2 protein chains.
Amino acid sequence: MEIFSKTCEYAIKAVLYLYTKQDRFAKIGIPEIAREIKSPVSFTAKILQKLSQRGLIRSAKGPGGGFYIGRKRKSIFILDIVNAIDGKESLNTCALGLKNCSSSRPCPMHFEILDCRKAIRNLLGSQSIEELSKKILSNEVYLVN
Amino acid sequence: MEIFSKTCEYAIKAVLYLYTKQDRFAKIGIPEIAREIKSPVSFTAKILQKLSQRGLIRSAKGPGGGFYIGRKRKSIFILDIVNAIDGKESLNTCALGLKNCSSSRPCPMHFEILDCRKAIRNLLGSQSIEELSKKILSNEVYLVN
DNA sequence: TCAATAAAGGACTTTATTGTCTTTTATTAA
DNA sequence: TTAATAAAAGACAATAAAGTCCTTTATTGA
């Protein structure tokens, strides 16, 4: 019943942390990110790498390098990170594990879970990283405790 | 983003299958249950054992033995099975993994996830095994495909 | 009482997830 | 052009979840 995998948790927190930086081109290194979101350094490196490959963040090698947001583009939402890490299918698999669960041959929970998933998708799709990072900066919410 | 663990999936399906039996005292063996819900036999045995220990179903050893529902009591809901298998905490852990996430020191998704979880809890708490098993018997929904 | 049956219980294996470590590649600045 | 730096990449290790197998215990009916 965990909402996100550990990988996804760290990914969300890492991206949020990057967005709390006022300068979208400020390069932040893995050690700092891992320290600030309290995540394992090497594992975080892998996740940042994937986020970068998926185009959600950018990276620069060499001295002064690190990860950064890059130029302003359309908003990023929590859902985008989840999709990038866990894949889009993860929000559509049958809750009872049926291979071919569908509205025409539904599992006992099909329609209810459908509604539920829709609600989750709406929620995650409405949570913009920009807004959340502002709340972090104003100490309304916290990335660690 | 899986709603249930595999253990929980099988547990729900096993209990649903038992409820499709008109006779609440008809003893059903592990092989039949596993076959009918398409689950691994030995693993299913463990799960049925746990469900029995938790008092959600009953069991009888020896010839003619098996698992059964037992006497009518207050309705069982999907939520009861989830709680019995995954524990009640599983619906309350912080989505971003913060140890002490709370309304006074919330993670960036705290309140939104709270609403979401409430919706899920309501849903799972409103799905009664009796009603779902009736839908299975009338071929409105299916346990396997 | 005894043999057969079926769940209970425990040790074990497999697989997926999480996490670590080391080497390579790209970049920077001296 | 070279030394230092930092991410990329890939192999490896630890842990947890899923699944198997074997022995024990309880029950039944002959």
Side-chain angles (χ1 to χ4, degrees), chain A residues 1-15 18 25-35 37-70 82 85-87 89-90 93 96-97, chain B residues 1-15 18 25-35 37-70 82 85-87 89-90 93 96-97:
Chain A
M1 190 61 79
E2 302 304 321
I3 305 266
F4 307 120
S5 63
K6 274 287 163 199
T7 307
C8 217
E9 275 183 23
Y10 297 145
I12 291 169
K13 288 199 264 193
V15 174
L18 283 185
F25 287 88
K27 318 284 191 300
I28 319 291
I30 295 167
E32 175 180 339
I33 296 173
R35 174 168 28 87
I37 69 173
K38 282 190 180 160
S39 61
V41 178
S42 295
F43 193 37
T44 306
K46 287 276 180 250
I47 296 166
L48 289 165
Q49 197 180 326
K50 190 175 257 184
L51 287 170
S52 167
Q53 288 165 345
R54 301 280 195 280
L56 284 177
I57 61 177
R58 293 175 170 277
S59 73
K61 283 185 181 178
F67 293 90
Y68 61 105
I69 299 303
V82 175
I85 297 294
D86 290 346
E89 330 74 53
S90 80
T93 55
L96 294 183
Chain B
M1 191 61 79
E2 303 305 321
I3 305 266
F4 307 120
S5 63
K6 274 286 163 198
T7 306
C8 217
E9 275 182 24
Y10 297 145
I12 291 170
K13 289 198 265 193
V15 174
L18 284 184
F25 288 86
K27 318 284 191 299
I28 319 292
I30 296 168
E32 175 180 340
I33 296 173
R35 173 168 31 86
I37 69 173
K38 283 192 181 160
S39 62
V41 179
S42 296
F43 193 36
T44 305
K46 288 272 180 256
I47 296 167
L48 289 165
Q49 196 180 326
K50 190 174 258 185
L51 287 170
S52 167
Q53 288 165 343
R54 300 280 195 282
L56 284 177
I57 61 177
R58 294 176 170 276
S59 73
K61 284 184 181 179
F67 294 89
Y68 62 106
I69 298 304
V82 175
I85 298 293
D86 289 346
E89 330 74 52
S90 81
T93 56
L96 293 183

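Predicted, not measured: the structure shown is a model, and the values here were computed from it. Within every chain, numbering begins at 1; the chains are lettered A, B, ... in the order of the sequence lines, protein sequences first and strands thereafter.
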Task: Along DNA chain C, first and last positions that approach a heavy atom of chain B under 4.0 Å - done: C/dA4 to C/dA11
Open item on the list: Once rounded to the nearest 0.5 Å, what's the spacing between atom CD1 of B/I3 and atom CD1 of A/I3?
Closed with: 7.5 Å
Extract all donor-acceptor atom pairs below 3.5 Å that involve side chains of residues 38-54 of chain B and protein atoms in other chains or at least two apart in sequence.
{"unit_1": "B/K38", "atom_1": "NZ", "unit_2": "B/N145", "atom_2": "O", "d": "2.7"}
{"unit_1": "B/S39", "atom_1": "OG", "unit_2": "B/T44", "atom_2": "OG1", "d": "2.6"}
{"unit_1": "B/T44", "atom_1": "OG1", "unit_2": "B/P40", "atom_2": "O", "d": "2.6"}
{"unit_1": "B/R54", "atom_1": "NE", "unit_2": "B/A84", "atom_2": "O", "d": "3.0"}

Open item on the list: Restricting to non-hydrogen atoms, name the atom on B/V82 and the atom on B/S90 that form the minimum distance, rounded to 0.1 Å.
Closed with: CG1-OG, 4.5 Å
Task: Near-strand residues of residues 55-67 of chain B, defined as heavy-atom separation under 4.0 angstrom from DNA chain D - done: B/K61, B/G62, B/P63
TODO: Report yes if a side-chain nitrogen or oxygen of A/Q53 is closer than 4.0 Å to either non-bridging phosphate oxygen (OP1 or OP2) of D/dA9; otherwise report no.
DONE: yes
Task: From CZ (A/R58) to CZ (A/F67), nearest 0.5 Å - done: 13.0 Å
TODO: Check every strand shown and say whether A/I28 touches a base, only sugar-phosphate, or nothing at a heavy-atom separation below 4.0 Å.
DONE: sugar-phosphate
Open item on the list: Can you list everything that forms a salt bridge (Lys or Arg N to Asp or Glu O under 4.0 Å) with B/E9? Sequence neighbours excluded, please.
Closed with: B/K6
Which atom pairs link the protein and nucleotides 17-21 of chain D when you take only N or O atoms and keep those under 3.5 Å?
{"unit_1": "D/dA18", "atom_1": "OP1", "unit_2": "B/K6", "atom_2": "N", "d": "3.1"}
{"unit_1": "D/dA18", "atom_1": "OP2", "unit_2": "B/T7", "atom_2": "OG1", "d": "3.3"}
{"unit_1": "D/dG19", "atom_1": "OP2", "unit_2": "B/Y10", "atom_2": "OH", "d": "3.3"}

- [ ] Considering non-hydrogen atoms only, spot the tightest contact between B/K13 and A/L96 and give its length.
- [x] NZ-O, 2.8 Å
Task: Separation between CD1 of A/I57 and CD1 of A/I28, rounded to the nearest 0.5 Å - done: 10.5 Å
Task: Phosphate contact (D/dA9 OP1 or OP2) by A/Q49 side-chain N/O below 4.0 Å - done: yes
Task: Whole angstrom value for the distance that separates P of D/dA7 from CD1 of A/I30 - done: 4 Å
Open item on the list: To check you understand the geometry: which heavy-atom pair defines the closest contact between B/M1 and A/D86, and what is its length?
Closed with: N-OD2, 4.5 Å
